[in-house]
Structure formats: C-alpha cells, structure tokens
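As structure tokens, the structure follows; a few thoughts come after it.
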Amino acid sequence: MMEKHGCLLLHGFTGGPFEVEPLAEYLRSLGYECRVPTLPGHDQELHELGRVSWRDWLDAAAGEAYEMSRRYTTMDVIGFSMGGLLSAYVANRFPVRRLVMLNAAAIYVSPMMLIRDLAERIKEHDWEHWGRVKKVPLPATFQFMKLARYAKQCELGRVAVPTLIAQGQKDQIVHPRSARYIYNRLQGDKELVYFAQSRHMLCFEPDAPEVFRSVGRFLSPSHTF
C-alpha cells in the first residue's frame, strides 16, 4: 500500500544531509515523510568526491526520486545549493507536485561576499566550514561547474511545476542574483523569497525559522498561487 505523501531533500556540493536535516525535521513535524540521501562522493571526509562525475549526482537524484515515486502517491522535492540544480532535473522527469529551491547554485561564488564572509569567520574563530572546503579535490569542482552549466542550459527552462525559490541575501557562495536568474527561466507558477539575514547555510541562519515556515506554507495543499 502506498503511503500518502513524501518529500525528497537534496543537499549541496561538498555538504551532506546535515545541511537540510533541520528543515526535514520541521516538515516531519507537519506530517511529511522525508528522505534525505547522501549524494555520491559525499562521505564524511570527502575521500570519494574526486572519483565521481556530475552525471553520478544526476543519476543518484533520479534513483531516489524513482523509489519515492513508487512508494508515495504524491512527492515534493527540495534542493539546497547544488541540490537545487539536481531538483530541477528530477522535476522534469518524475511526478513532482511542488519544488523548492534553496540558495540554488545557478550563479555561484560572489568574490566580494566570500571575502566578507571569511573576515567574519576569522573574527568568530569558525574554521570548521573552511577545513572541509580545503578537502575538496579540484576535479570535483570542475564536475560541479559542468553540472551548473548543464542545468542552466538544459533543465531550468523546462521546469513547469509550482516552485518556491528561497535565497539568502548575504549568501557568500551562491550570488543572490542566482535566484532571479532561476525565477526568470521557470515555466510554471513560481514564488521568490529573499531572506535578508541569511548566508549560504540557509537552514542554520537567523532567518531559518521563517524559511521553514515559508516552505511549509508553500507545500501545504491549501496554498494557492
């Protein structure tokens, strides 16, 4: 017997399920069944990241969506950063009811914002994020760039499911212009929301509670466009 409703959450490049788990917990409290997989190459120490290609990430996302489409009568997809690009690919191939893109990486790395963020982290003695970034193999970065180029050229303009685009205005990894770029290319009903106090890790920023509520409202069956 198929369960009623499922939600697939896809994390970002060099990250992991932890990036979206707070949102998954919030959605579970509202009654959603959430699946938060680990994408290929994203083991704890990123040892395998240099051995996978951008197509491996697409295939993994599609495989997860296929399994959920068999299990649930309806399915929503949420993608964070690189996961936002993967979520567009999924929405174009599976019966996705609604799509949420969080700081989706269509236009990435704003140098000035990156410098400002680094200065803040030095001041706060927060080196955990940068320690992980230093482990990223250069070939993996090229694979991410290939994925971003492919998604912009072949996927974003085809998305026709209702979509919520959420963007932190202080994002130091994905340029805030990325959200408007995506919004202008989507074909279906769409909403764009900016969060003034948020950097890249949207589920951990000061605006996170409002981000969660915005996603919850958007996914609600009673939500209208």
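As a basis for the values below, the full set of heavy atoms in this structure was taken, side chains included, without hydrogen atoms, waters or symmetry mates.
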Scanning both residues in full, the closest heavy-atom pair of Leu99 with Ala91 reads CD2-CB, 4.1 Å
Rounded to the nearest 0.5 Å, what separation is found between the CD atom of Glu191 and the OG atom of Ser214? 9.0 Å
Which donor-acceptor pairs under 3.5 Å do the side chains of residues 140-153 make with protein atoms, sequence neighbours left out?
residue : atom : partner : partner atom : Å
Gln143  : OE1  : Trp54   : N            : 3.0
Tyr150  : OH   : Glu155  : OE2          : 2.5
Lys152  : NZ   : Ala106  : O            : 3.1

Shortest non-hydrogen contact from Asp43 toward Glu48: OD1-N, 3.1 Å
Cation-pi check, Arg177 onto Tyr181 ring (under 6.0 Å, within 45° of axis): no
Give the intermediate values and the outcome of side-chain contact (heavy atoms from CB on, under 4.5 Å) for residues Glu67 and Arg35. CA-CA 10 Å; Glu67 290 301 322; Arg35 167 71 177 155; over 6 Å; no
Whether the side chain of Asp76 engages the backbone of Arg98 through a donor-acceptor N/O pair (distance < 3.5 Å, no angle test) should be reported. yes
Donor-acceptor check, side chain of Asp56 to backbone of Ser53, threshold 3.5 angstrom: yes or no? yes
Could you check whether atom OH of Tyr66 has more than 12 heavy atoms from other residues, nucleotides or ligands sitting under 6.0 Å from it? no
Might you work through the side-chain contact (heavy atoms from CB on, under 4.5 Å) test for Gln197 and Glu210, ending with a clear yes or no? CA-CA 11 Å; Gln197 301 304 315; Glu210 183 55 35; over 6 Å; no
Strictly distance-based, threshold 3.5 Å: is any side-chain N or O of Glu205 a donor or acceptor partner for the main-chain N or O of Cys203? no
Closest approach of Ser69 and Phe94, non-hydrogen atoms and distance? OG-CD2, 4.4 Å
Check: Asn103 side chain, Gly168 main-chain N or O, donor-acceptor pair, under 3.5 Å: yes
Check the pair Leu30 / Leu219 against side-chain contact (heavy atoms from CB on, under 4.5 Å), numbers first and verdict last. CA-CA 10 Å; Leu30 298 181; Leu219 295 183; over 6 Å; no
Quick one: does Ser178's side chain have a donor or acceptor within less than 3.5 Å of a partner on Ala104's backbone? yes
Is there a donor-acceptor pair under 3.5 Å between the side chain of His42 and the backbone N or O of Pro40? yes
Would a distance-only check, ignoring hydrogens and angles, find a side-chain to backbone donor-acceptor pair under 3.5 Å from His11 to Leu39? yes
Are the side chains of Tyr183 and Thr163 in touch, meaning some heavy atoms are under 4.5 Å apart? no
Min side-chain heavy-atom separation Arg158-Arg93 under 4.5 Å: yes
Please examine the side chains of Ile165 and Val193, heavy atoms only from C-beta on, and report whether any two atoms are closer than 4.5 Å. no
If you measure from CG on Leu23 to CD1 on Ile78, what distance do you get to the nearest 0.5 Å? 4.5 Å
When rounded to the nearest 0.5 angstrom, what distance separates CZ in Arg180 from CD in Gln167? 11.5 Å
For Val174 against Ile107, the heavy-atom pair lying closest together: CG1-O, 3.3 Å
Give me the atom names and distance for the closest heavy-atom approach of Leu10 to Ser87. CD1-N, 4.0 Å
Show, in sequence, the C-alpha distance, side-chain angles and deciding distance for Val52 and Trp57, and conclude whether the side-chain contact (heavy atoms from CB on, under 4.5 Å) test is met. CA-CA 8 Å; Val52 299; Trp57 298 325; 3.7 Å; yes
Measuring from Leu202:CG to Asp171:CG, what's the distance to the nearest 0.5 Å? 8.0 Å
Rounded to the nearest 0.5 Å, the CG atom of Leu186 sits from the CG atom of Leu156 at a distance of 6.5 Å
How long is the span from the OH atom in Tyr32 to the CE atom in Met75, to the nearest 0.5 Å? 14.0 Å
So, Gln172 side chain and His200 main chain: donor-acceptor pair closer than 3.5 Å or not? yes
Using a 4.5 Å cut-off on heavy atoms from C-beta on, say whether the side chain of Pro37 contacts that of Leu8. yes
For Gly12, does its backbone N or O pair with a side-chain atom of Thr14 as donor and acceptor, under 3.5 Å? no
Indicate the atoms forming the closest heavy-atom contact of Met201 with Phe18, along with that distance. CE-CE1, 4.0 Å
